[in-house]
Amino acid sequence: MRSYVWAIVIVAAAAAPVYAQVNFVDISTDGVLQPTVADSGWAAGLCAADYDDDGYVDLFIPNGVGVASQIYHNLGNGHFEEVSAALGVVSMQSDVGGLWFDYDGDHDLDLLITRISENFPFTLYRQNSPTAFENVTAEAGLDVAQSPIWNSQYGLFRGGSCAGDINNDGYLDLCTTIWNGVARLFLNNRDGTFTEISASSGISSIPRRFWQAVMSDFNGDGWLDIYMAVDFRENLLWINQRDNTFVEMAASAGLDNDMNDMGVTLGDYDNDGDLDIYITNIFQSASTKHNVLYRNDSVGASLSYVDVSTNSAVEYGGWAWGTSFADVDRDGWSDLLVANGWSVALYEQPTFYYVNTGYSPFVFANETVASGLGGARWGSGLAAFDYDRDGDLDFAEMSMDDTARFMMNEPTGGAATNHYLTVRPRMLGPNHRAIGAIVRVQAGGVSMMRLISAGISGISQEPAEAFFGLGSSTYADSVTVEWPDGTQTVVSNVAADQMVTVTHGGFGDLDADGDVDLTDYASFRDCMTGPGDGTIIYLSGCRAADIDGDGDVDLTDFAVVAANFTG
């Protein structure tokens, strides 16, 4: 919970609470990140992921015709290096978005680039090594055309993409959308190729002007569903029928918002154990069209969402695009970031920062100006992540009228003393980054949850890790990973202020590289020879070595490592 400072005034009511503050500093022009953004249309996104598995989150930034799209490699020293040409990723078309995802299951992140093009809407680059990517679009079966459905002065525009394992075979499938057409679904054949099942799955049966799509198990049956933000018409919720087909059920769930929706983010803002939904909207009007916060009141598979945006004071966001549930001040309650703006000066607004007050009825406080985000701009895609691994969430944002910008989080006041925990779930199979998993943390009497996703916000992506603010707690009572295969891993008494990797099954793969080898043996040895009593709560990186979860690393754990040794 947040801390409060109450001023006592004679014969007057208590003053409003003072919330823990943060200060965002634009470090884009400080040699940290200096991309040149070409206008690709109305909006474009950006994609954050640790593509080379060095522990630091990198960025893909698309550009318009004539300007090369860019990959910014995080050097781990507070700076980025642009490496797209060096990696063999060369694209100077009307790129709009992208997606980092491991399409071939080899544990390396590959890159899908999406663009405004009828003949060549996708380019897929396979990662052969951290320094070399190869164009495999045709080989993978993604050299497919797509035309607009309706005649329009605006033609076709690319929406957001997302990936997830829709048929529970371990491999990531792909969903892409366009504005002015049909959504498309590509089934992973597990051999490096895709088969389009848009028509047979039912996904393409309802053409719309789509923006962002997200995958999550909305009804809790163990199968990923798909929610799609729609411009001008009702949003769509596709419920997985477990046979590669989907049924649209937005209306019965209360999710058929009929406005001009753009971006989507999922998060448990009220910490009641289920994922709520925040949707951004353009054409802002308090009485008719606005951003929407859906509180999840579902019971089991009976879906029920209630619009609480007005009561929660988050309905207004300007001309809104990308968005993120992010615990910016690390108090254990998810806040909201919203990118805003358009080319017309009248519609240029700042990026909004809504602070979660942390108590029912969960009215958010607008701390945009106080946090340093007051300047008007044409914002677009947005992704929140800890770029410098200092234990707080920064964010990157596409700015269509200038350059992309990078905002560093400098906590102040109570936020500066709060603790955190970053959890990276990793699986041994083809879905190495556990896309679709849920991570739950219990700390200081607060229960939190995060979704591990590939594709969210507004034509954007956040990394496959879960960031938790712990407030004053110096440890998490428990960390639970609910894996995509239905199993779960529970780890107790995890020390705060670190990034931990939780490996599926606890098989002794301490570095999560897919095998148990001499590197894991060495790490295991170091964990055993830490504190004299073998307790690992104080040892960063040793939690995965406690395979039986009894609180120490001993010979029982070593027996499991030895049994799974692959050399």
For a side chain to side chain donor-acceptor pair (under 3.5 Å) check, start with the C-alpha distance between Thr422 and Glu465, then their side-chain angles and the critical distance, and finish with the verdict. CA-CA 7 Å; Thr422 300; Glu465 59 189 45; 5.2 Å; no
Is [X] salt-bridged to [Y], going by a charged N under 4.0 Å from an acidic O?
{"X": "Arg242", "Y": "Asp221", "result": "yes"}
{"X": "Asp53", "Y": "Arg433", "result": "yes"}
{"X": "Glu348", "Y": "Arg377", "result": "no"}

With sequence neighbours excluded, tell me which residues meet side chain to side chain donor-acceptor pair (under 3.5 Å) with [X].
{"X": "Glu139", "result": "Arg126"}
{"X": "Ser216", "result": "none"}
{"X": "Thr29", "result": "none"}

Donor-acceptor pair, [X] side chain versus [Y] backbone, under 3.5 Å?
{"X": "Glu462", "Y": "Ala384", "answer": "yes"}
{"X": "Arg424", "Y": "Ala466", "answer": "no"}
{"X": "Asp217", "Y": "Gly222", "answer": "yes"}

Only one of Leu172, Asp102, Asn128, Val136 passes side chain to side chain contact (heavy atoms under 4.5 Å, CB included) with Asp110; say which it is.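 Running side chain to side chain contact (heavy atoms under 4.5 Å, CB included) over Leu172, Asp102, Asn128, Val136 with Asp110 returns exactly one hit, Asp102.
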If you apply the rule side-chain contact (heavy atoms from CB on, under 4.5 Å), what do you find for Asn240 with Ile166, and how did you get there? CA-CA 8 Å; Asn240 196 328; Ile166 65 163; 4.0 Å; yes
Side chains of [X] and [Y]: does their closest heavy-atom pair fall under 4.5 Å?
{"X": "Tyr278", "Y": "Leu266", "answer": "no"}
{"X": "Ile435", "Y": "Met215", "answer": "no"}
{"X": "Thr323", "Y": "Thr265", "answer": "yes"}

List the steps and the verdict of ring-ring contact (aromatic ring centres under 6.0 Å, His included) for Tyr387 and Phe406. CA-CA 10 Å; Tyr387 99 97; Phe406 203 89; 4.6 Å; yes
Distance to the ring centre below 6.0 angstrom and angle to the axis at most 45 degrees; does that hold for Arg209 and Trp150?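 Ring-cation test returns yes.
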Could you tell me if Gln93 and Ser91 have a donor-acceptor pair between their side chains, going purely by distance under 3.5 Å?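 No donor-acceptor contact under 3.5 Å links the two side chains.
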Side-chain atoms of residues 76-90: list all donor-acceptor pairs with protein atoms under 3.5 Å, sequence neighbours left out, distances to 0.1 Å.
unit_1, atom_1, unit_2, atom_2, d
Asn77, OD1, His79, N, 3.1
His79, ND1, Gly31, O, 3.1
Glu82, OE1, Ser84, OG, 3.4
Glu82, OE2, Ile71, N, 3.0
Glu82, OE2, Ser84, N, 3.0
Glu82, OE2, Ser84, OG, 2.7
Ser84, OG, Ser69, O, 3.3

Report the residues that fulfil salt bridge (charged side-chain N to carboxylate O under 4.0 Å, His left out) with Glu248, sequence neighbours left out, ordered by chain and then residue number.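 Residues passing salt bridge (charged side-chain N to carboxylate O under 4.0 Å, His left out) with Glu248: none at all.
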Any chance the rings of Phe157 and Trp211 have centres within less than 6.0 Å?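 Yes - the distance between ring centres of Phe157 and Trp211 falls below the 6.0 Å cut-off.
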Checking ring-ring contact (aromatic ring centres under 6.0 Å, His included) for the pair Phe325/Phe468: CA distance, chi angles, key distance, verdict? CA-CA 11 Å; Phe325 274 117; Phe468 297 89; over 10 Å; no
Sequence-distant partners of Phe467, ring pair (Phe, Tyr, Trp, His ring centres under 6.0 Å), two or more places apart: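 Phe467 satisfies ring pair (Phe, Tyr, Trp, His ring centres under 6.0 Å) with Tyr420 once adjacent residues are dropped.
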